[in-house]
Amino acid sequence: MEYDFRRIEKAWQQKWKESKIYQVSNDSVNPKFYVLDMFPYPSGAGLHVGHPLGYIASDIYSRYKRLKGYNVLHPMGFDSFGLPAEQYALDTGQHPAVTTKKNIATFKAQLDNIGFCYDWSREVQTSDPHFYKWTQWIFLQLFNSYFCHTEKKALPISLLIKKYETKGSMPKTGEPVPGKHFTAEQWNAFSEKEKAEILMRRRLAYCGYGEVNWCEALGTVLANDEVVNGVSERGGHPVVKKTLRQWYLRITAYADRLLEGLDTIDFSDAMKEMQANWIGKSSGAEIDFSINGHEQKLRVYTTRPDTIFGVDFMVIAPELELVNEIKSVPQAAAVDEYLAYVKSRSERERMAEKKITGVFTGAYAINPFDDREIPIWISEYVLAGYGTGAIMAVPCGDDRDHRFAKHFAIPITNIIGDHYDGEEANPTKEAVLQNSGFLDGLVMKGAMDVVLEALETKGIGIRKVNYKMRDAAFSRQRYWGEPFPIVWKNGIAYPLNESELPLELPHVDSYKPGPEGEGPLANIDTWVQQDLETNTMPGYAGSSWYFLRYMDPHNDKEFCNRETSDYWNQVDLYIGGTEHAVGHLLYSRMWTKVLYDLDLIGHDEPYKKLVNQGMIQGSSRFVYRLQTGTAAGRDNQIPLNKNGLPIQVFISKSYYDQGLKLNIETILKKVNAHINIFNGVELRNDYGFLVSQLHVDVNMVNGIELDVESFKKWKPDFEDAVFITEEDGKYICGTEVEKMSKSKFNTVNPDDLVAKYGADTFRMYEMFLGPVEMSKPWDTKGIEGVHRFLKKFWRLFVDEAKGLLVTDGEPSMEELKVLHNAIRKIENDTERFSFNTGVSSFMIATNELTDLKCHKRSVLEPLLILLAPYAPHVAEELWMLLGNKTSILDVSYPLFEEKYVKESTKAYPVAINGKTRTELTLPLDITQKEVEEIAVKDEVVQKWLEGKTPKKIIYVKNKMINIVV
RNA sequence: GCCCGGGUGGCGGAAUUGGUAGACGCAGCAGACUCAAAAUCUGCCGUCCGCAAGGAUGUAUCGGUUCGAUUCCGAUCCCGGGCACCA
């Protein structure tokens, strides 16, 4: 009986499905464990080998935990709202719901092919009205809540209204500010619209105005990555910024709690750091500078008030209104020109480019401490959205300020003496201040407080904590997303009643954007007539809470039953890519905190532990096509292939690398030897042939060698193509590591590999590739080795001719040692997500047991259980062949016993001056003194000592011996 | 530009983070079995010198700490990811 993985895998997948063995109950005596994958966006391209990496890891862990006696929740679903489906609809007219449904079916079939243990009865799809009903419902909770800064938590907005009605909103200290503070009487006298506007300033989901990338030619709003170099990716039309009404989530209110929460969860330090940087908490000061000849003040935000005497110029963001108010007459034209330039640039470009740009406004600010005049500039490196949109520039201490000053030849004041060399800024906080008036002689760190107090006394500055994080834009001018359950009447947003949910997306015929940057919903008369909000929610709405829905997916009364969410509680293990580091992971953390504050769930962090899977990159292959057609100016001379297309010539990599000019004669000769393309043409060096680099389907390339025959069949114009190969007759392709994508022909479909080698091999190979957390390019090359291992493992149990080999004999100590070493290593590796070394441990154990000719049940059965999480199909099959009646999924994990692997001696490496020279086998309980005596007597040691006495002998138990001469 | 990862044989990686560098696998080479092929098995396999024993060298580059550094520190170079409307 051979290892017939096709039959085995098909049969067991069918049996598992029929017996509903993966269905999980919300009610169990076993402890719970929740393993979650970041659910995929079901793109039209289907699953490629990069997707399953994390899924396989989580599947192994889930199965492992089940064997360890846990009630394991391991669900899967689809993040099925999103831009690509809408774009596809725009291009083809196919409804996103239709393509999404089709794509999901493909994804599910591909996933099932790999043998995952998902409980599909709990599947969620974010675009399903049964699901997004509750996304809308949670949005209403956000809309109807505000953040109470005293209690530091979300509370119902009704409490705030009650407070306004009875106490108004008055400052704790100081004078009330008109427009900001009001008494209860004033509140009660406000119009409904005035009240609504005040409340909008506190709601967790609120409406405001924000800038978007607007493309007039396409009549639509574009995502940042749809904008390239200031023009649209599609069509190359100009893109400008446009202010539109937008919904926001007040995530900034949660900045501190999101930051503090990081201490309570098990994320990698890198991930925590990324989130912390995104939140970007900094403390500093806001300082008001007077402007010469103007009423207005210039308010800047700085983290370094101690450097105030080093301010040589001010920079304000071009977007600030103030620019137009203070620009001087002689500078007005230059300023206007600059503003036009900035308007065309994306924020990303402004940050990324090294180019220093800016213009002087003609106005001067006054340093409050020494009355110095400070020129005010505008420049794109200052962002309107952060701080006050204005900075005080201290060139001797800040690198960007320094470059700016050098570029525009602004004189630099040195306030840190020797710490500044005139060439490069020095951001030290340790220097003693000079040229700094009353601060002279103070260490910068200590000067901060002195300045702050002086500013506060003068009433021109306050201490201020700032966050880089901005409120999250929560609306999109798109069709394929959740509609907002909001009706607009007289400019006031009213929530729909719960009973009116879900507010379903209307079916439309056209997905064209609405007028003036509005979403496609604005084109639908019935929608607009009902005064419904025309924006839709962004891609991350559904994913901000989907992990709760899996717990109670069919509940039509609540988003999730409270008892159930208390049982499953946090996700114990969350696996997904780092690309979500700051988006999804922060938003879902915020939503969880809000739901917790409103007492709708019992935990305030969604994920206990996060494991980041690395990205599987594509490894692209290129062929090099010689331009023989129009570009080479000799159309008529090119013979045609069978399909009536000009015959193409491809040169192998080494010719391309050497440079075509050098080799053109050789190449032309070779071409002519194949086919008479250049008949009668004098072969000269200066034709200037062009070579274009084309992506070739990686599935047609074996390593780097092109399969010429399949390539010729790939496209009609490649038929009869001529290949200029290397000396050995091989056509070698170029390579590059890029993102996996269909357009680069570097995707590998898991289905193909499963068909060829089986799901078990595929699963183990993906794990064997390297650590899950690490990014790496895909390479199918090594999969044979894993497949061979499984066949070898099979042969421990079954012989092709003799059938089952397993005997009931007593295992030897040696065999037990192999088994228990395997148990220890594999359990440990699985626990710490080191699946690649886990797989290699299986190989080692299998090799050793094969060498020992061990076919004993008492050794093989436990080993089989170890394998079950990694290769479930073959494990079930062999388990059944061993005569077991119940599934291997529900047995218990083998126990490691120390006594079988205990050693009494160890072979110590002996180094002389740090270089290993020999080995000594010594008892483990040996003392330092005994080691010294034995070591110096050793022949090899003697030789290296050359008669000298060792200075020192270092003996580290269980590690090594080092003799220092 | 800013933030975060990562650089180890021909290749993927191991060394559970200061203690024998290269486990396991791929590829390659030599051999066994076979009429042959597939499958399987055995041996070799970083580089340099050497028939070998052995020696030198070696974890991106340069420098440092240490009895000892792939691991820690400083500088540099290269690659990948994120940067708020891609998901």
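We name chains A, B, ... by the order of the sequence lines, and we start the count at 1 in each one. Heavy-atom basis, side chains included; hydrogens, waters and symmetry copies ignored.
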Respond yes when some side-chain nitrogen or oxygen of [X] is under 4.0 Å from OP1 or OP2 of [N], and no when none is.
| X | N | answer |
| --- | --- | --- |
| R917(A) | rA56(B) | yes |
| T846(A) | rC24(B) | no |
| W944(A) | rG55(B) | yes |
| N847(A) | rG25(B) | yes |
| N836(A) | rA14(B) | yes |
| K915(A) | rU57(B) | yes |
| R788(A) | rC26(B) | yes |
| R476(A) | rC85(B) | yes |

At under 4.0 Å between heavy atoms, what does [X] touch on the DNA or RNA strands: base, sugar-phosphate, or nothing?
| X | result |
| --- | --- |
| Q477(A) | base |
| A907(A) | base |
| R795(A) | sugar-phosphate |
| P771(A) | sugar-phosphate |

Open item on the list: Between F768(A) and M843(A), is there a side-chain heavy-atom distance shorter than 4.5 Å?
Closed with: yes
Please give the nucleotide sitting opposite [N] as a Watson-Crick or G-U wobble pair, both distances under 3.5 Å, or none.
| N | value |
| --- | --- |
| rC33(B) | none |
| rC77(B) | rG7(B) |
| rC2(B) | rG82(B) |
| rU16(B) | none |
| rU65(B) | none |
| rU57(B) | rG46(B) |

[atom1] spacing across the pair [N] / [M], given as an integer number of angstrom:
| N | M | atom1 | value |
| --- | --- | --- | --- |
| rU61(B) | rA52(B) | C1' | 36 Å |
| rG43(B) | rA75(B) | C1' | 47 Å |
| rC11(B) | rU65(B) | P | 33 Å |
| rC45(B) | rC24(B) | C1' | 15 Å |
| rG13(B) | rU59(B) | C1' | 13 Å |
| rA69(B) | rA14(B) | P | 22 Å |
| rG5(B) | rG55(B) | P | 41 Å |
| rG50(B) | rA37(B) | C1' | 41 Å |

Of all the choices, [options], which nucleotide is nearest to the side chain of [X] once you look at every atom?
| X | options | answer |
| --- | --- | --- |
| N277(A) | rC4(B), rU16(B), rU40(B) | rC4(B) |
| A473(A) | rG19(B), rC85(B), rU16(B) | rC85(B) |
| W278(A) | rC26(B), rC3(B), rA84(B) | rA84(B) |
| R478(A) | rA15(B), rU16(B), rC85(B) | rC85(B) |
| K791(A) | rU40(B), rC86(B), rC85(B) | rU40(B) |
| K943(A) | rC85(B), rG55(B), rC3(B) | rG55(B) |
| Y41(A) | rC24(B), rA84(B), rA87(B) | rA87(B) |
| P84(A) | rC83(B), rU20(B), rA87(B) | rA87(B) |
| I954(A) | rC67(B), rU40(B), rA23(B) | rC67(B) |
| M960(A) | rC85(B), rG55(B), rG19(B) | rG19(B) |

Quickly work out the [X] [atom1] to [N] [atom2] distance and round it to whole Å.
| X | N | atom1 | atom2 | answer |
| --- | --- | --- | --- | --- |
| F793(A) | rU40(B) | CZ | P | 17 Å |
| F81(A) | rC85(B) | CZ | P | 18 Å |
| D398(A) | rC2(B) | CG | C1' | 12 Å |
| F789(A) | rC41(B) | CZ | P | 13 Å |
| L769(A) | rC11(B) | CG | C1' | 12 Å |
| K906(A) | rG19(B) | NZ | C1' | 10 Å |

Open item on the list: Just checking Y3(A) against F793(A), ring centres under 6.0 Å apart?
Closed with: no
Open item on the list: Are F474(A) and W247(A), when compared by the centres of their aromatic rings, separated by less than 6.0 Å?
Closed with: no
Task: Base rC3(B) paired with E273(A) side chain (donor-acceptor, <3.5 Å) - done: no
- [ ] Mark yes or no for a side-chain to base donor-acceptor pair under 3.5 Å between N962(A) and rC67(B), with no hydrogen or angle criteria applied.
- [x] yes
Is a side-chain donor or acceptor of [X] paired with a backbone partner of [Y] at a separation under 3.5 angstrom?
| X | Y | answer |
| --- | --- | --- |
| D938(A) | V940(A) | yes |
| R621(A) | C733(A) | no |
| D79(A) | Y41(A) | no |

Task: side-chain contact (heavy atoms from CB on, under 4.5 Å) evaluation trace for S475(A) with F484(A) - done: CA-CA 9 Å; S475(A) 48; F484(A) 283 88; 3.9 Å; yes
Open item on the list: Judged by each residue's nearest nucleotide on RNA chain B, which is more toward the 5′ side, R832(A) or D851(A)?
Closed with: R832(A)
Task: Chi class for rG9(B): syn within 90° of 0, otherwise anti - done: syn
Task: Short N-O contact, D829(A) and K825(A), less than 4.0 angstrom - done: yes
Open item on the list: A quick test of your reading: do over 12 heavy atoms of other residues, nucleotides or ligands sit less than 6.0 Å from CG of N958(A)?
Closed with: yes
